[in-house]
Amino acid sequence: MNTENNHHLNQLNSAQEEAVKHINGPLLVLAGAGTGKTKVLTSRIAHLIATKNALPSQILAVTFTNKAAKEMVERVEKILGYEVPGMYIGTFHSISARILRKNAELLGLTSSFNIIDMDDQLRLVKRILAELNIDTDQVNPKAVVNQISLWKDKAIKASDVDDIGSYHGNYYDAVKQVYKLYNDELQRSNSCDFGDLILHVINLLASNEACQNYYNKKFKYILVDEYQDTNVSQYLWLRLFAQGHNNICCVGDDDQSIYGFRGAEIENILRFEKDFNGAKIVKLEQNYRSTAHILNAASKLINTNQKRHGKTLFTESEGGKKITILSNWDDNAESNSIIQEIETLKIRQHKLSNIAILVRAFFQTRSIEEALLNEAIPYKIVGGLRFYERKEIKDIIAYLRVVNSDSDNLALERIINVPKRALGAAAFAKCNDYSRTKDVSIYTAISELLKNSLVTGKAKAGLEEFTSLINDARQMLQNSSLKDLAKFIIERSGYEEMLKASKEVNIDTKLENLREFCEALSEFHNLDEFLEHVSLVNELQDQNSEDSVNILTLHSAKGLEFDTVFLTGWEEGIFPHQRSLEESGDKGLEEERRLAYVGITRARKKLYISYANNRRIYNKWQVSTPSRFLRELPDEAIELKGSGTRFNNSYQKKTSSFNTTSAAKFKVGDNVIHTSFGEGNVKSLIGDVVEVNFESGKCRFVTANSLKSNCV
DNA sequence: TAGATACAGCCTATC
DNA sequence: GCTGTATCTA
């Protein structure tokens, strides 16, 4: 290799270089915080291309966010020094959607299938519960949506729920009935939820050999970012794509697995060597971000966790400033002491944008914001409502979805009576019934009901008004810009009028949002492109560019870094959060501790940790005790400040106990007996879910606790 | 269908 | 204590 081809290896340390140069076979890169994870990923892609091991189109790189995907492309191109079109770099969902649009017919969809969001899911579940006469006091619709999503995350099909031992009883009988009807309804309306995007691709590859061969050949090298965040479905998805060549490189950090609540399985990364035979593991342990004190604190704290690969981060940088623990009488005092420190930093010419205040939960921001406002320190809250998630914007998008697709029943349901057209529950039920009986979309049903004079009175007038609006809009779609189309809908539907006549307080903001929305539409070439963007690339908008302090949650801080970081509310109940402990026990506690680790390692130069002895929560005063995590920090790295009660450092370390996952009882190839399916053979293990080839010939996913081993 | 009233829920979140 | 939503009543 000549040096010209080699510049992508510049500036890598030996571990990083080892990871980049490992070409074939499974590779796990355990990358501690600030150790150059993205650098390795992007250098590796550049290396594969520069050495001609792969064409750009043979590379599949998967991320969890669009931001990460975008950054990856940019950095690969920067390393190589030229534009690299054709790489498949994107989120699990956008890549899945792309593949599904090509193969939709094989799954009973059309290539223009709709992607639905949480609002749609909830609306659908409510409708189904009502149709089944299930009382929403008994079965909470939101909980059902969560359960269904979680089942999809675990690749548990509606027909498989019965096999899972832990879902028994009347409640689950109801939920799984809803699950089945929910899926039927999605199929009927040519729609996918986010879980389906992954599951359909799994089905496509698993059931169609030609298809699987095609993609196994096409994607020679697979790269996965943030592997610790993958759920069971994503894991199965990856295995299918890696089948045959096993050229899969997963990068992640088990110590930063903080998304258990949305289905992530830390076991995936802990199990990597077992899943992929002959896997090579490279640990990146040199940290380039933080001072030694900060790093030592993070290391000592995370070392309390039992379930981890175990890395020892080191740095060549100096001790730096000690971590300041700010103790305070109450939450207002906490905010004020933070603001005081910020004032000092300001005087010393620190940029405010290099300062971050991290909270466990959003309610903590109230008193912090008040204090910042008092002192006129500019701040921004990172996260929160995205532009396209605003109600008024979603309503107009629903109109566009109906204009775009006859089959989008859920979008239609959202806006058929917004603004009011005298089309209430009864009218909608009539359209829905007709649509089911005749097996046509609801929009078609409406047209036919009108044509055949099957509706009368106010409902007839309302439906006529609605269809004429949609039909006119469809005409416009042919020869007008999207911007004009949206403007037309907002006016002609009476939406604008409705807003103006309403007594809401923020009408002007909403009208302004709608105007902004119309402007934003001009960036898109067609409606399909826009709708795909809205569902899959809904990015956070950049707020004011003024130099301001960042306030964000620990979760959204992952992947970011700041010179100065304030970690707030280190009190039992808030952090670790009560509900994590109640719902997930030791497992929950370890995840909270990883969250603390993520928080600490965000700081480059100076870290503050604060707590209050008293806190007003939902307007009730509560006495709080300092977080146990404080006692897990090394004495030599911290200094105490403030007038609140000191925390007791002579605390006996509580040894945490673990229930070994029941799946650990089994291994691939074991003969097992299932409580209701009889004898079978273990095909694979995913967390506490076991894939079993049953003697009946059927292969199913079941939970470990519904299985007994069947050794002679 | 507007307006009043009752009532639950209140942690984190990408696509 | 506040907020969004479900349900009831005129």
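Proteins get letters first, then strands, A, B, ... in listed order; numbering begins at 1 in each.
A:Trp237 and A:Thr230 are not linked by any side-chain donor-acceptor pair at a separation below 3.5 angstrom, with hydrogens and angles left out of the test. Donor-acceptor pairing under 3.5 Å is lacking for the side chains of A:Gln147 and A:Tyr179. For the residue pair A:Ser610 and A:Glu334, a side-chain donor N or O sits within less than 3.5 Å of a side-chain acceptor on the partner. Side-chain N/O atoms of A:Glu392 and A:Asn513 include a donor and acceptor closer than 3.5 Å.
Considering only the side chain of A:Asn417, B:dT1 comes nearest among B:dC15, B:dA13, B:dT1. With B:dA13, B:dC10, B:dC15 as the candidates, the nucleotide lying closest to the side chain of A:Asn66 is B:dC15. Residue A:Asn140 places its side chain closer to B:dG9 than to any other of B:dT1, B:dA13, B:dG9. Set against B:dT1, B:dA13, B:dC11, the side chain of A:Tyr259 has B:dA13 as its closest nucleotide. With B:dT1, C:dG1, B:dT14 as the candidates, the nucleotide lying closest to the side chain of A:Arg262 is B:dT14. Each of B:dC15, B:dC11, B:dA13 was ranked by its minimum atom distance to the side chain of A:Thr553; first place goes to B:dA13. The nucleotide whose nearest atom lies closest to any side-chain atom of A:Arg360 is, among B:dC15, B:dT12, B:dT1, B:dT12.
In this entry the distance linking CZ of A:Arg594 with P of B:dC11 reads 20 Å, nearest Å. The distance between atom CZ of A:Arg98 and atom P of B:dC15, rounded to the nearest whole Å, is 17 Å. For the pair A:Leu197 CG and B:dT14 P, the computed distance is 17 Å after rounding to whole Å. The separation between A:Met118 atom CE and B:dT12 atom C1' is 12 Å, rounded to whole Å. Look at CZ on A:Phe194: it is 11 Å from P on B:dT14, rounded to the nearest Å. Atoms CD (A:Glu532) and P (B:dC15) sit 13 Å apart, rounded to a whole Å. Here B:dT12 presents its P atom at 13 Å from CG of A:Leu358, a figure rounded to the nearest Å. What separates CG of A:Asp229 from C1' of B:dC15 is a distance of 13 Å, to the nearest Å.
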Fill in the blank from the handout: With sugar-phosphate taken as primed atoms, P, OP1 and OP2 and all else as base, the protein-contact string of nucleotides 2-10 of chain C at under 4.0 Å (heavy atoms; B, S, -) is ----SS---

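Distance alone, capped at 3.5 Å, is enough to place a donor-acceptor pair between the A:Ser335 side chain and the A:Asp331 backbone.
In this structure, A:Phe261 packs face-to-face on the six-membered ring of B:dT12, meeting both the 5.5 Å centre cutoff and the 30° plane limit. A:His577 does not qualify as a stacking partner of the B:dT12 base, lacking a centre-to-centre distance under 5.5 Å together with planes within 30°.
Cation-pi geometry between A:Arg101 and A:Phe113 is satisfied (NZ or CZ under 6.0 Å from the ring centre, within 45° of the ring normal). Cation-pi geometry between A:Arg262 and A:Tyr259 is met: the NZ or CZ atom falls under 6.0 Å from the ring centre, inside 45° of the normal.
Residues A:His93 and A:Phe363 both approach DNA chain B. Their nearest nucleotides, taken by heavy-atom distance, put A:Phe363 toward the 5′ side. Where A:Glu591 and A:Leu536 meet DNA chain B, the nucleotide closest to each residue was compared, and A:Glu591 sits on the side nearer the 5' end.
By the 4.0 Å N-to-carboxylate-O rule, A:Arg594 lies close enough to A:Glu591 to be salt-bridged with it. A salt bridge links A:Glu571 and A:Arg615; the closest N-O separation between the charged side-chain nitrogens and carboxylate oxygens is under 4.0 Å.
Remark: DNA chain B takes part in the stems B:1-10 with C:1-10, each of 3 or more antiparallel Watson-Crick or G-U pairs, criterion distances under 3.5 Å.
A:Phe562 pairs by the ring pair (Phe, Tyr, Trp, His ring centres under 6.0 Å) definition with nothing, not counting sequence neighbours.
Only the P atoms considered, B:dC11 is 16 Å distant from C:dG4, to the nearest whole Å.
Screening A:Glu583, A:Glu582, A:His577 against A:Arg579 for a side-chain hydrogen bond (donor to acceptor under 3.5 Å, both in side chains) leaves a single residue, A:Glu583.
A donor-acceptor contact under 3.5 Å is formed by the side chain of A:Glu583 with the base of B:dC11.
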